Amino acid sequence: MTFPEDFVFGGATAAYQIEGAAAADGRGLSIWDVFSHTPGRTVNGDSGDVAIDHYHRYKDDVAIMASLGLEAYRFSVSWPRIQPDGRGRGLEAGLDFYSRLTDELLNADIDPWITLYHWDLPQALQEAGGWPNRDTAYRFADYSAIVHEHLGDRVKHWITLNEPFCSSLIGHASGRHAPGLEDPSAALASVHHLLLGHGLAVDALRAQKVENVGITLNLYAVEPASDDPVDTDAARRVDGFHNRLFLDPVLKGRYPQDILHDVAEFGGLGDVQDGDLEIISRPLDLLGVNYYTRYVITGREDHPDLVGERTGQLHSPYPGAAGAREVRHGMPLTDLGWEIDPDGLVDVLARLKREYPAVPIVITENGAAFADPISEDGVVHDADRIDFVWGHLAACERAIAAGVPLTGYFLWSIFDNYEWAEGYAKRFGAVHVDYETQVRTPKDSAHWYSSVIRTRSLEQQ
Ligand code: GBH
């Protein structure tokens, strides 16, 4: 089978993970600057201060993407480059950077896709209460309007939020991401305010005649480890927090009743006002799906195959369901220990088709971290990454054949980059970056992906 002519093959990044230049041109601090500079928060104390210095090397980076034949590039805008304090008029230097990047991409025949928020909230807004404060939603809509005003003439695809699950529940419940809180009520209030911010931003962009706007969610295939009610209830909750708590309000205009019931003890989702869900469920032109793995879930504390501390008791991102834990299900692992399960992607897409109103779906991220040693010949032979992407693109083909309206795939990531709390130790890129010299070297997977794009097919690879 070949991919449809209008299927988009792209690559994705995010501002804080690649740009560096943290103090350049009046950029303000974000919650990730503060978090990464707090001792003990990230592996090796790594921060995005320098990252891959994309802010200064964007022309070289666009040239590399062009040489690989990328059709589209999804990047995020750093809010504190545009509004150092999270409010007020847009900073010229910041807007100019994204304008030059956009032009460079268009000249290279690469379609720019913008994510407005990939986790870097201005620290000044955090100090005013952050996402648990309703006002942040309005600040986000203002900021979104400014960015679209400057780039909307050239950028035709807009994503409001990247993975609100992470910003809310990892940032405020398990505390593994900025702002590093462990406060279930704050986490749940931020779920609602992030989604409200999404809806308000959609309205702001529609007022400017945006052509394509959507949201990106990180969705998982979730299933119970057994038929035991302890496991099925734990899996129901994990599916609720990861998938339905975000899909239902955005696509159906209501929160899932069972999860609302489970979190009532923490004050529910906080201050949900009349009319909010109408705003949150504005019609979208696309749904972005980031898919990485399947979770097989147990509620048994003594399950023999429990996965370490990530979903462990101490740092659970699931308010009221700390006992819900992931178990291994025997699939091969990436170097971050994530199980490789391409069939899970088919399951996620089939579920969207079955249970939600139809909307064009784009895989806005999929990829894998491996150690990626450089071999004697000076290149990275990342056969494991090729296998991973091949498997997931084959899953996309199966989903399309089954009638899922899947219209694109963005590899995470094009370049090695700063993997948040995991620092620089694990590499997601199709292009290797030497963090000492900033030299970029396409890995085998980059050349392979390039030929997939050229032939629009997985055959003969
Ligand atoms: C995406 O997150 C992000 O959008 C992207 O920026 C990131 O680089 C990429 O995937 C690869 O991770 O165990 O609590 O410490 C995917 C969801 C959220 C999965 C954070 C791993 C670790 C959190 N990721 N999570 S924790």
Side-chain angles (χ1 to χ4, degrees), residues 11-19 30 32 35-36 40-43 46 48 51-52 74-76 78 113 115-120 159-182 187 215-220 222 238 241-243 246 288-295 306-318 322 324-326 333-340 344-345 348 362-370 385 388-389 392 410-430 433:
T13 63
Y16 190 66
Q17 298 182 268
I18 62 164
E19 286 179 0
S30 84
W32 269 95
F35 185 80
S36 64
R41 291 303 204 170
T42 69
V43 171
D46 287 345
I52 68 166
R74 171 179 177 245
F75 60 95
S76 81
S78 158
W113 287 46
T115 306
L116 285 160
Y117 185 72
H118 202 124
W119 308 353
D120 42 3
I159 304 286
T160 55
L161 305 177
N162 179 71
E163 303 186 349
F165 172 89
C166 298
S167 317
S168 55
L169 293 164
I170 298 182
H172 300 75
S174 70
R176 295 300 186 92
H177 282 182
L181 303 182
E182 293 178 52
I215 187 172
T216 281
L217 304 177
N218 52 319
L219 304 181
Y220 297 82
V222 178
V238 169
F241 282 119
H242 271 294
N243 301 320
F246 298 91
V289 174
N290 293 353
Y291 175 81
Y292 286 95
T293 194
R294 182 198 302 273
Y295 287 151
L306 284 183
V307 174
E309 53 168 359
R310 196 182 57 73
T311 47
Q313 200 79 38
L314 283 180
H315 295 281
S316 172
Y318 314 125
R325 309 269 294 271
E326 188 191 349
L333 305 178
T334 73
D335 284 358
L336 277 171
W338 303 359
E339 289 196 279
I340 301 173
L345 175 56
V348 165
V362 176
I363 304 301
T364 40
E365 289 180 26
N366 174 246
F370 293 109
R385 181 170 292 99
F388 182 100
V389 179
H392 289 80
F410 288 70
L411 177 66
W412 185 273
S413 180
I414 292 303
F415 304 99
D416 287 339
N417 63 53
Y418 177 65
E419 177 55 17
W420 307 108
E422 303 289 342
Y424 293 99
K426 300 288 157 52
R427 295 169 175 274
F428 271 94
V433 178

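All residue numbers refer to positions in the sequence shown, counting from 1. Order of appearance sets the numbers: ligands from 1, and atoms from 1 within every ligand. Keep in mind that what you see is a predicted model, and the values were worked out from it rather than measured.
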**Asked** Looking at ligand 1, does any of its N/O atoms fall within less than 3.5 Å of an N/O of H177?
**Response** no

**Message:** Is the distance between the ring centroids of H242 and Y318 under 6.0 Å?
**Reply:** yes

**Asked** Given that the side chain starts at C-beta and the backbone is N, CA, C, O, which of these parts of E365 lies under 4.0 Å from ligand 1, counting heavy atoms, or is it both or neither?
**Response** side chain

**Request:** Run the contact test for F165 against ligand 1 with a 4.0 Å cut-off on heavy atoms, strictly below, and give the result.
**Result:** no

**Evaluation steps, side chain to side chain contact (heavy atoms under 4.5 Å, CB included), between I170 and F165** = CA-CA 7 Å; I170 298 182; F165 172 89; 3.7 Å; yes

**Residue portion contacting ligand 1 (non-hydrogen atoms closer than 4.0 Å) for E163** = side chain

**Request:** Under the side-chain hydrogen bond (donor to acceptor under 3.5 Å, both in side chains) rule, collect the residues that match up with Y292, sequence neighbours excluded.
**Result:** E365

**Asked** Does the N or O separation between N417 and ligand 1 drop below 3.5 Å for any pair?
**Response** no

**Message:** Judged on heavy-atom distance to atom 19 (C) of ligand 1, which of W119, Y418, W338 sits nearest?
**Reply:** W338

**Complete:** Here the atoms of ligand 1 under 4.0 Å from any heavy atom belonging to W420 are 5 (C), 6 (O), 7 (C), 8 (O)

**Fill in**
Rounding to 0.5 Å, atoms CG (N162) and CG (N218) come to a distance of 7.5 Å

**Message:** Heavy-atom distances under 4.0 Å decide this one: backbone, side chain, both or neither, for N162 against ligand 1?
**Reply:** side chain

**Message:** I need the L411 CG to H392 NE2 distance, nearest 0.5 Å.
**Reply:** 11.5 Å

**Message:** For ligand 1 and Y220, I'd like to know whether there is a polar contact (N/O to N/O, distance under 3.5 Å).
**Reply:** no

**Prompt:** When rounded to the nearest 0.5 angstrom, what is the spacing between CZ in F410 and CH2 in W113?
**Reply:** 4.0 Å

**Prompt:** Under a heavy-atom criterion of less than 4.0 Å, does H118 contact ligand 1?
**Reply:** yes

**Message:** List ligand 1 atoms under 4.0 Å from F428, heavy atoms only on the residue side.
**Reply:** 11 (C), 12 (O)

**Fill in**
Atoms of ligand 1 under 4.0 Å from any heavy atom of I170, numbered from 1 in the order shown, are 18 (C), 20 (C), 23 (C)

**Item:** Plane angle bin for H177 and W32 - parallel if under 30°, tilted between 30 and 60°, otherwise perpendicular
**Value:** perpendicular

**Message:** Can you see whether Y117 engages S167 through a side-chain donor-acceptor pair at a distance of less than 3.5 angstrom?
**Reply:** no

**Fill in**
Distance col, row F428:CZ vs T13:OG1, nearest 0.5 angstrom, shows 14.0 Å

**Item:** Which segment of L336 sits under 4.0 Å of ligand 1 when only heavy atoms are counted
**Value:** neither

**Prompt:** How does A14 reach ligand 1, if at all, at less than 4.0 Å between non-hydrogen atoms: by side chain, backbone, both, or neither?
**Reply:** neither

